[in-house]
Amino acid sequence: VEASIPENQRTAWKKYSTQPFTTAEDFEKEVVRHVETTLARSMFNCDETAAYAAASLAFRNRLITEWNRTQQRQTFADGKRVYYLSLEFLMGRALDNAMLNVGLKNVAKEGLADLGFRIEDIIEQEHDAALGNGGLGRLAACFLDSLASLNYPAWGYGLRYRYGIFKQEIVDGYQVEVPDYWLDFNPWEFPRHDVVVDIQFYGEVRKYHDENGKSRAVWEDGELVKATAYDVPIPGFDTAVVNNLRLWSSKAASGEFDFQKFNSGDYESAVADEQRAETISAVLYPNDNLERGKELRLKQQYFWVAASLYDIVRRFKKSKRAWKEFPDQVAIQLNDTHPTLAIVELQRILIDLEGLEWEDAWNIVTKTFGYTNHTVLPEALEKWSVPLFQNLLPRHLQIIYDINLFFLQAVERKFPKERELLARVSIIEESSPKMVRMAYLAIVGSHKVNGVAELHSDLIKTTIFKDFVKIFGADRFTNVTNGITPRRWLHQANPRLSDLIASKTGGLGFLKDLTLLNKLEEFADDKEFKKEWAEIKLANKVRLARHIKDTTGVVVNPHALFDIQVKRIHEYKRQQMNIFGVIHRYITIKSLSPEERKKFAPRVSIFGGKAAPGYWMAKSIIHLINSVGAVVNNDKDVGDLLKVIFIEDYNVSKAEVIIPASDVSEHISTAGTEASGTSNMKFVLNGGLIIGTCDGANIEITREIGEQNIFLFGNLAEDVEDLRHTHTYSTTTLDPSLSAVFSFIRTNAFGPADDFAALIAAVEEHGDYYLVSDDFNSYVQTQELVDQAYKDQEEWVGKCILAVARMGFFTSDRCISEYAESIWNVEPMEPLAHE
Ligand code: GPK
């Protein structure tokens, strides 16, 4: 590569090549230079915002030098790359993460102190990058961290939304959504104005015949939108590897359309076109586990998929290899069905633009893609109406019909007698209007389909994708249990615990090999160690108590048991059951004598999470939680025995404060509904215990840490269907304690009962789909066991230590290694040290 550049030029480039800083002194120099030049400020008006900006620019420049080295090395190695396509990347803050991953946080701390700043205050200045809804988006972010830390040649591809997930405000107990305009100042991205792709929409398909009489489909006319790349550097931990997250931003293409309009004096409509094009990447859809079939969403999906594939194909073509080698160079992972159009787009590129035969192209396509399913909830499975598709992507619809035709023909050959099977597995649902079933398309077009925890992977094989197991064989389906990055979720969020663990396990090695945590087992009985452990937990609770005081005005006792449920608000996650349990506790406290109250275990019930703006039931749950808090927190009879807190605007950076402060966290979904859950892993890793159902990854967590160290309750997934049946076809009696809770709500104890009528009716009248009543007694009893257990602090802390010691399995590093081996067939590269 270098030989193409003349010797003298090479020397000049090398001589002046940027050297990444490593000392506090060089870091300070960089910061001051950015304050004085890039930001045009000075010592006299450098506030914390400016110090944050300058520190970030210093680190970003450091990252980009190593980004260049990494990319050059990967290009030179010319091996297989992984592309992770995700509509969501819930990255959170970048500065703290960058400092820790490159191992220079102490250097930065010293440098900033010299300049008159506390590093904690500077880190706090950063606005979260919140391009995601919940677990699915945060998983993608953890995966990027692991891919870089393990040294895999990997790129993420996503959309550069102008507005991330909305900011949640609580006004009079209700959720109010405020737009999250986060791009005002974002030092973590590099616009690549030279990496632009034109993306086509609408138009029509015409058939042409070439000189050999072969017919070719050509997609013509319609409108063009321009995709511009923005690159976000992703530093690995304890390596010089910096991978790339490429986000696409939309703009009107300056093609003939607007030219004509400008020339004919139609300025306004030209500007309107521009605005319309920019709308594509304007906003993240705020739904979690729900699809609503909006045209703009399909536009987003195609825009992003087409730009990404163009980029991937262009990179492959530079290698001048034969097309059949494409799957040896490229592995594309589909994060849920959102990028399923990539399957169709690659087939289109190969047959329409590159002239391959259908069979050869399809072979390449299916070897390239893997599909991850994240939910079995029917309302979350994507379907697009055929007329909408026909209008927006006419050629893609034709190709989908062909994919379906060949697929159904093969099914018919294999199972000639099963007519209904064809209708059941058809990619096109024969409804009116007809619908394209994206999950079926993703299965047919991928060589591997995986679920995200064992139970979930079993469930998809026996329920929603059962027929496909029969057709393709069980080998196409596999499990990769989710994981989390211990760098962010232990080292960054809980530095004191991380240090304590390091002191007993031989340094920070556990952050790269989490199984080393098992060395902690021998300290589970160590008095001194337990004391330090408990002190750290208390300090983390004090930190959260301070946040609660600052944001809600409520004073909570850090010595009370902190019981936390933070996640998206959803009926299947059952925050309603939690708050009903809290009300039950309140009724109990009120019924006690002053003497009895003295023996009662004090508790702080903490909630956090966003409701989708159109999800009325979820919003009622938030309202109930806040209404209960308003009464309970001001009841003199109760005092410190019970506090109910709703933390506004739960996001990644708040999770970093909340998770280390839990004694118990709640993962209480109706069995069989939560695919995996990942915050369960984060809470246990931070020395909190879990109260949970036998659902998702809770089951595997229990297997790893031991059932003495977790509080499980409730019905099992295998019984859920029968129980629902009972509700529908006979009169079931409500659990008596739950009945009492409902009666209490009906006394208007928490404000007008009408406000909460729908929550009660869902249980009493509409079949209790999520089995709140069936599980309530078991839930309440298990909460009592939690109270009992917490009283014996010695034993409690021992449980926490044992649990942490056994959490090694749940690192996203293990997860990524499994994907690499069983789905992508890629090897990590040799380690790369900082220069
Ligand atoms: C699943 F289908 C979806 C979705 O739309 N959004 C989302 O966050 C979650 N998920 C699951 O609900 C979790 O159980 C799981 O841990 C997470 O995806 C990551 O796999």
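Starting from 1, each residue takes its place in the sequence as its number. When reading the values below, keep in mind they use all heavy atoms of this one structure, side chains included, and skip hydrogens, waters and symmetry mates.
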**Lys/Arg cation over aromatic Tyr285: Lys294, 6.0 Å, 45° cone** = no
**Prompt:** Would you call Lys299 and Glu295 a salt bridge, using N to O less than 4.0 angstrom?
**Reply:** no
**Asked** Is it true that the side chains of Ser308 and Trp248 contain a donor and an acceptor less than 3.5 Å apart?
**Response** yes
**Asked** Is a salt bridge present between Lys567 and Asp288, judged by a nitrogen-to-oxygen distance below 4.0 Å?
**Response** no
**Message:** Would you say Asp695 and Ser669 are linked by a side-chain donor-acceptor pair, where the criterion is simply a distance under 3.5 Å?
**Reply:** yes
**Item:** Phe468 vs Arg476 side-chain heavy atoms within contact, under 4.5 Å
**Value:** no
**Asked** Would you say Ser812's side chain and Ile484's backbone share a donor-acceptor pair under 3.5 angstrom?
**Response** yes
**Prompt:** Is there a side-chain contact (heavy atoms from CB on, under 4.5 Å) between Phe683 and Ile659 once you walk through the steps?
**Reply:** CA-CA 6 Å; Phe683 278 103; Ile659 290 170; 3.7 Å; yes
**Thr337 (side chain) donor-acceptor with Ala439 (main chain) under 3.5 angstrom** = no
**Message:** Could you walk me through whether Tyr572 and Tyr769 satisfy the ring-ring contact (aromatic ring centres under 6.0 Å, His included) test, starting with their C-alpha distance in whole Å, then the side-chain angles of each, then the deciding distance to 0.1 Å, before giving a yes or no?
**Reply:** CA-CA 9 Å; Tyr572 88 80; Tyr769 188 76; over 10 Å; no
**Fill in**
When rounded to the nearest 0.5 Å, the distance separating SG of Cys142 from NZ of Lys682 is 5.5 Å
**Candidate list Leu63, Ile234, Val242, test side chain to side chain contact (heavy atoms under 4.5 Å, CB included), partner Thr70, passing option** = Val242
**Prompt:** Got His127 and Asp184 here, is their nearest side-chain heavy-atom distance under 4.5 Å?
**Reply:** no
**Asked** Say you draw a straight line from CG of Leu388 to CZ of Arg297; how long is it, rounded to the nearest 0.5 Å?
**Response** 13.5 Å
**Request:** Show your reasoning for whether side-chain contact (heavy atoms from CB on, under 4.5 Å) applies to Phe201 and Ile280.
**Result:** CA-CA 12 Å; Phe201 291 104; Ile280 293 180; 3.8 Å; yes
**Request:** Please name the pair of heavy atoms, one in Asn243 and one in Ala148, separated by the smallest distance, quoted to 0.1 Å.
**Result:** ND2-CA, 3.6 Å
**Message:** So Asn373 and Ile464, do their side chains get closer than 4.5 Å, heavy atoms only?
**Reply:** yes
**Asked** Distance-only, no hydrogens or angles: does the Asn686 side chain make a donor-acceptor pair with backbone N or O of Trp489 under 3.5 Å?
**Response** yes
Solution key, residues 86-102 side-chain donor-acceptor pairs under 3.5 Å, sequence neighbours excluded:
| from | atom 1 | to | atom 2 | distance (Å) |
| --- | --- | --- | --- | --- |
| Ser86 | OG | Glu88 | N | 3.2 |
| Ser86 | OG | Glu88 | O | 2.6 |
| Ser86 | OG | Asn335 | ND2 | 2.9 |
| Glu88 | OE1 | Asn133 | N | 2.8 |
| Glu88 | OE2 | Asn133 | ND2 | 3.0 |
| Arg93 | NE | Glu126 | O | 2.9 |
| Arg93 | NH1 | Glu124 | OE2 | 3.3 |
| Arg93 | NH2 | Glu124 | O | 3.3 |
| Arg93 | NH2 | Glu126 | O | 3.4 |
| Asp96 | OD1 | Lys105 | NZ | 2.9 |
| Asn101 | ND2 | Asp145 | OD1 | 3.0 |
| Asn101 | ND2 | Pro235 | O | 2.8 |

**Message:** Please determine whether a side-chain nitrogen of the Lys or Arg among Glu177 and Lys619 lies less than 4.0 Å from a carboxylate oxygen of the Asp or Glu.
**Reply:** yes
**Asked** Is His447 reaching over with its side chain to a backbone N or O of Phe369, donor-acceptor style, under 3.5 angstrom?
**Response** yes
**Distance-minimising heavy-atom pair for His456 and Ala675** = CB-O, 3.2 Å
**Prompt:** If only atom types and distance count, is the side chain of Thr693 paired as donor or acceptor with the main-chain N or O of Ala671 below 3.5 Å?
**Reply:** no
**Request:** Return the minimal non-hydrogen interatomic distance between Ser446 and Ile343, and the atom names on each side.
**Result:** OG-CD1, 4.1 Å
**Closest heavy-atom pair and its distance - Tyr52, Pro187** = OH-CG, 3.9 Å
**Prompt:** Under 4.5 Å between any side-chain heavy atoms of Ser457 and Phe477, yes or no?
**Reply:** no
**Request:** Could you go through the side-chain contact (heavy atoms from CB on, under 4.5 Å) check for His570 and Thr673 one step at a time?
**Result:** CA-CA 11 Å; His570 210 298; Thr673 62; over 6 Å; no
**Item:** Distance-only donor-acceptor check, side chains Glu571 and Tyr615, under 3.5 Å
**Value:** yes
**Asked** Any chance CD of Glu379 has more than 12 other-residue heavy atoms, nucleotides or ligands included, within less than 6.0 Å?
**Response** yes
**Prompt:** If every non-hydrogen atom of Ala453 is compared with every non-hydrogen atom of Gly696, which pair is closest and at what distance?
**Reply:** CB-C, 4.0 Å
**Distance in Å, Asn698 CG paired with Met681 CE, rounded so as to fall on 0.5 Å steps** = 8.5 Å
**Fill in**
Result for ring pair (Phe, Tyr, Trp, His ring centres under 6.0 Å) between Trp824 and one of Tyr152, Tyr83, Tyr819 points to Tyr819
**Request:** Could you tell me the separation between the CG atom of Leu144 and the CG atom of Asn244, rounded to the nearest 0.5 Å?
**Result:** 9.5 Å
**Prompt:** Between the side chains of Tyr157 and Asp311, is a donor N or O closer than 3.5 angstrom to an acceptor N or O?
**Reply:** yes
**Prompt:** Does Lys610 make a cation-pi contact with Phe166 (under 6.0 Å, within 45 degrees of the axis)?
**Reply:** yes
**Asked** Between the side chains of Thr678 and Asn482, is a donor N or O closer than 3.5 angstrom to an acceptor N or O?
**Response** no
**Message:** Test your reading of the model: is there a side-chain donor-acceptor pair from Lys512 to the backbone of Leu150, 3.5 Å cut-off?
**Reply:** no
**Asked** Using a distance-only test with no angle check, is there a side-chain donor-acceptor pair under 3.5 angstrom linking Ser146 and Asp813?
**Response** yes
**Fill in**
Output for pair (Phe646 CZ, Ile621 CD1), nearest 0.5 Å, gives 10.5 Å
**Asked** With no hydrogens and no angle check, do the side chains of Thr372 and His374 hold a donor and an acceptor under 3.5 Å apart?
**Response** no
**Ser250 side-chain N/O to Ala277 backbone N/O, donor-acceptor pair under 3.5 Å** = yes
**Request:** Would you check if there is a donor-acceptor pair between the side chains of His338 and Glu382 at a distance under 3.5 Å?
**Result:** no
**Item:** Test: Arg192 cationic atom under 6.0 Å from Trp67 six-membered ring centre, within 45° of axis
**Value:** yes
**Request:** Determine, step by step, whether Thr811 and Leu685 satisfy the side-chain contact (heavy atoms from CB on, under 4.5 Å) criterion, reporting the C-alpha distance in whole Å, the side-chain angles of both residues, the deciding distance to 0.1 Å, and the verdict.
**Result:** CA-CA 10 Å; Thr811 167; Leu685 187 61; over 6 Å; no
**Prompt:** Testing Lys573, Arg574, His667 for side chain to side chain contact (heavy atoms under 4.5 Å, CB included) with Glu674, which one passes?
**Reply:** Lys573
**Prompt:** If every non-hydrogen atom of Tyr650 is compared with every non-hydrogen atom of Gln168, which pair is closest and at what distance?
**Reply:** N-OE1, 4.3 Å
**Request:** Measure the CD1-CD1 distance between Ile625 and Ile569 for me, rounded to the nearest 0.5 Å.
**Result:** 5.5 Å
**Flag, side chain of Gln333 to backbone of Val82, donor-acceptor distance under 3.5 Å** = no
**Item:** Side-chain donor or acceptor of Arg814 paired with backbone N/O of Thr481 under 3.5 Å
**Value:** yes
**Prompt:** Counting only heavy atoms not in Lys80, do more than 12 sit closer than 6.0 Å to its NZ atom?
**Reply:** yes
**Prompt:** Taking the side chain from Ser662 and the backbone from Ile658, do they hold a donor-acceptor pair closer than 3.5 Å?
**Reply:** no
